[in-house]
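Remember, it's 1-based here, ligands and their atoms both numbered in the order they're listed. Position 1 is the first residue of the sequence; numbering continues from there. Please read all numbers here as calculations on a predicted model, not as lab measurements.
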Amino acid sequence: MDIETLRARHPDHWKRACAIRTLTLDAVAAANSGHSGMPMGMADVATVLFEKHLNFDPAAPRWANRDRFILSAGHGSMLIYSLLYLTGYADMTLEQVKNFRQWGAITAGHPEFGHAAGVETTTGPLGQGIANAVGFAMAEENLRARWGAKIVDHYTYVIAGDGCLMEGVSQEAIALAGKQQLSRLIVLWDDNGITIDGKVSIADVTDQKARFAASGWNVLSCDGHDPEDIDRALTAAKASDKPTMIACKTHIALGHAAQDTSKGHGALTDAAQMAAAKAAYGWEYGPFEIPADVKKAWEAKGARGAKAHAEWHARFAALSAAKQAEFTRIFAGEAPAKLASVIRGVKKAAVESLPKLATRAASEKVLAAVNPVMTETIGGSADLTGSNNTKTADLGVFTPEDRKGRYVYYGIREHGMAAAMNGMALHGGVRPYGGTFMCFTDYARPSMRLSALMGLPVVYVMTHDSIGLGEDGPTHQPVEHLAISRATPNTLVIRPADMVETAEAWEVALTQKATPTVLALSRQNLPAVRKAHVNQNLVAKGAYVLAEATGKRQVILIATGSEVEIALKARDALEAEGIGTRVVSMPSMELFAQQDEAYRKRILPGGPVRVAIEAGVRQGWDRWLLGERGKETKAGFVGMSSFGASAPMERLYKEFGITAENAVAVAKSLL
Ligand SMILES: Cc1ncc(C[n+]2csc(CCOP(=O)(O)OP(=O)(O)O)c2C)c(N)n1
Ligand SMILES: [Mg+2]
């Protein structure tokens, strides 16, 4: 259908959709950067979605039972900002739209969670949004099963572009959603045949509809500019018992000289061409000018949700006070009051039996105690359940048949798992943790970075955290992964040394509200190093004195996780030679850095030489080795400077020099 026909047939819809198109053109022109074509192409689809289907209340953007709208094609950010402004979100003023992409504005270049209300997730890295959406939809299914459809009952809608569907993570997401029959998940594909370099066909000839169908999706198509056809497809999608993908045939940069070309993808700022496009729309208004009747009509669409919200509220108010409090707690991301005593109990039991076990096994024991009292946890693993020790007896398995199940078999999909966990955390009401081998943080990393950027308290259970995994060899042995995780802002990396530290690490992780945690856990058995009970969570301090020097303190050995045992042995040897040696266990550099300077100095006083022992690369250690001013003391490092190798772990530690003898030699060479 050409523009004339569309305008003539649906004049009111046309105006509302063109309000999105012209706000996009004007904001991108004002910023002199951004992406005009996608919002101009998807304006009709978004208009029908927002005015006829999406259940939302601009006056209550965090209403727990709202439908979620995810703009996976995040470069089209002006699409969502326009919609939020037009439908009446209080924070999305016209001033904000005019300040698109400027310092301090909530209208960031790509949609960022936590900035504008109504932005459900940070998108821009293509493919993330569609993969987050799978987590949103799983959280909805789980909560609906547990709380009933009167309390949780909503859809998750996604707009995804060609780029989202080309990214590998989309395959993981599509396959997982298909298996899980997430019928409340509806993906609107902006099928415009264009990406930045040109036509999609220069790089891809995939039959996308067949691809989704092959993974168990319901697949529909519509003319992405015909409001009746869009409405028909959305109505059919909602009735399906499978997740639905709607291929929306659209024209990128509709009505502009750059329509249907890759030029239409980016910033369309040419004044004459903008004027011509507006003329083609029949839009006679100035920049950022939305006629009062159009704005009013849009606000009326926004106000539609107030009734559903009020009705939901009445149903919520009918719950018992205890249930209301529980619902509020889980959506606020507060740990239950009981968590602290459960952790204390685990710690006490550990110092009584002093178990020699891998920290991954310790982690399972902690989870076995925690999961029954913290029923909002949803665990999982990317096909390494028995290795990651992530499944506890009480969880049940999340399947289409058992939506109350709290354990997800994510399949061999680390990236999809991490993205889905982000979606769950964003949805709220559930607290996701998931496992794989530490080495495969690489596969999950784009979403781990977004957990950190968005401030989501996702827990990454990363086992087999060093050459200590042995025979599987260097492909599986992480060397640089602790450093990479530590280099990521707003990420806690915790590498516990034994059962007590593992319990403390979990307590730290599960009480975070705005920070993800990477738990680095050993495959190999480790002796207990914490032998006396203290109520205090010492891991929360980041580092603490595990064993003090007897006599004059000449050496401080700092170690994490599996190497704490080595540090203790080295200390014995040094002490036997009359060299006073302190051992500092440093499970988390980030937590230690958060302590006040007096505490940090107490743990790492200037003077004694320092040797760090960690089966990873040195990068990241110098702040603690050389001192915060860079030259506090002489220091050495015992760790890895190359990839590992395939052999039994005892041999590997010896060959790579991560031994007590070597630590002693390094310390003595510094004295
Ligand atoms: C992971 C990732 N790689 C590359 C980019 C840069 N990029 C932004 S949009 C885009 C093209 C996307 O094509 P499509 O989804 O079809 O959007 P359209 O051109 O139709 O608006 C690319 C490569 C990105 N944002 N994320
Ligand atoms: Mg495209």
Side-chain angles (χ1 to χ4, degrees), residues 20-21 24-25 27-28 31 33-46 70-82 101 108-112 121-133 158-174 187-209 211-212 221 224-225 245-269 277 415-416 418-419 422 442-450 453-454:
I20 298 173
R21 294 190 169 98
T24 296
L25 279 167
V28 170
S33 79
H35 302 81
S36 316
M38 183 274 180
M40 291 164 74
M42 281 300 274
D44 298 302
V45 170
I70 294 166
L71 187 67
S72 191
H75 58 282
S77 54
M78 268 311 301
L79 181 75
I80 190 165
Y81 300 151
S82 302
R101 298 187 148 221
H110 293 85
E112 287 188 52
T121 179
T122 295
T123 53
L126 297 170
Q128 291 296 323
I130 187 173
N132 292 158
V158 181
I159 287 182
D162 302 304
C164 293
L165 300 196
M166 253 190 260
E167 290 291 351
V169 70
S170 73
Q171 184 57 35
E172 299 182 21
I174 292 164
V187 172
L188 298 146
W189 168 35
D190 180 14
D191 178 13
N192 61 21
I194 293 292
T195 66
I196 293 178
D197 277 356
K199 290 198 163 90
V200 168
S201 59
I202 64 174
D204 193 31
V205 294
T206 302
D207 179 342
Q208 295 292 357
K209 292 191 223 168
R211 180 164 78 112
F212 279 80
S221 306
H225 297 297
M245 188 275 266
I246 307 175
C248 309
K249 201 82 185 131
T250 62
H251 298 284
I252 194 168
L254 182 83
H256 189 277
Q259 179 182 319
D260 298 326
T261 73
S262 59
K263 282 203 183 73
H265 167 91
L268 303 175
T269 56
H415 194 177
N422 283 346
D442 291 341
Y443 278 56
R445 173 125 186 99
S447 300
M448 295 176 74
R449 180 170 193 266
L450 285 165
L453 178 60
M454 287 191 266

- Query: Would a 4.5 Å heavy-atom cut-off, applied to side chains only, mark S72 and E167 as touching?
  - Reply: no

- Query: Is the closest N or O pair between H75 and ligand 1 shorter than 3.5 Å?
  - Reply: yes

- What is the ring orientation for H35 with H110, classed by angle as parallel under 30°, tilted 30 to 60°, or perpendicular over 60°? tilted

- Query: Which is closest to atom 24 (C) of ligand 1 in terms of heavy atoms, G193, G163, G168, G124?
  - Reply: G124

- Query: Within a strict 4.5 Å, meaning less than it, do heavy atoms of the V200 and M166 side chains meet?
  - Reply: yes

- Note on the structure: Contacts of T250 meeting side chain to side chain donor-acceptor pair (under 3.5 Å) (sequence neighbours excluded), chain-then-number -> D190

- Polar contact flag for I194 and ligand 1 (N/O pairs, less than 3.5 Å): yes

- Query: Which residues and atoms, counting only protein N, O or S, are under 2.8 Å from the Mg ion (ligand 2)?
  - Reply: D162 OD2, N192 OD1, I194 O

- Item | Region of N192 engaging ligand 1 - heavy atom pairs below 4.0 Å | side chain

- Distance-minimising heavy-atom pair for C164 and A73: SG-N, 3.8 Å

- I252-ligand 1 polar pair, N/O distance under 3.5 Å: no

- Item | Any non-hydrogen protein atom less than 4.0 Å away from atom 6 (C) of ligand 1 | no

- Any N or O of H265 closer than 3.5 Å to N or O of ligand 1: yes

- If you measure every N/O of G161 against every N/O of ligand 1, is any gap under 3.5 Å? no

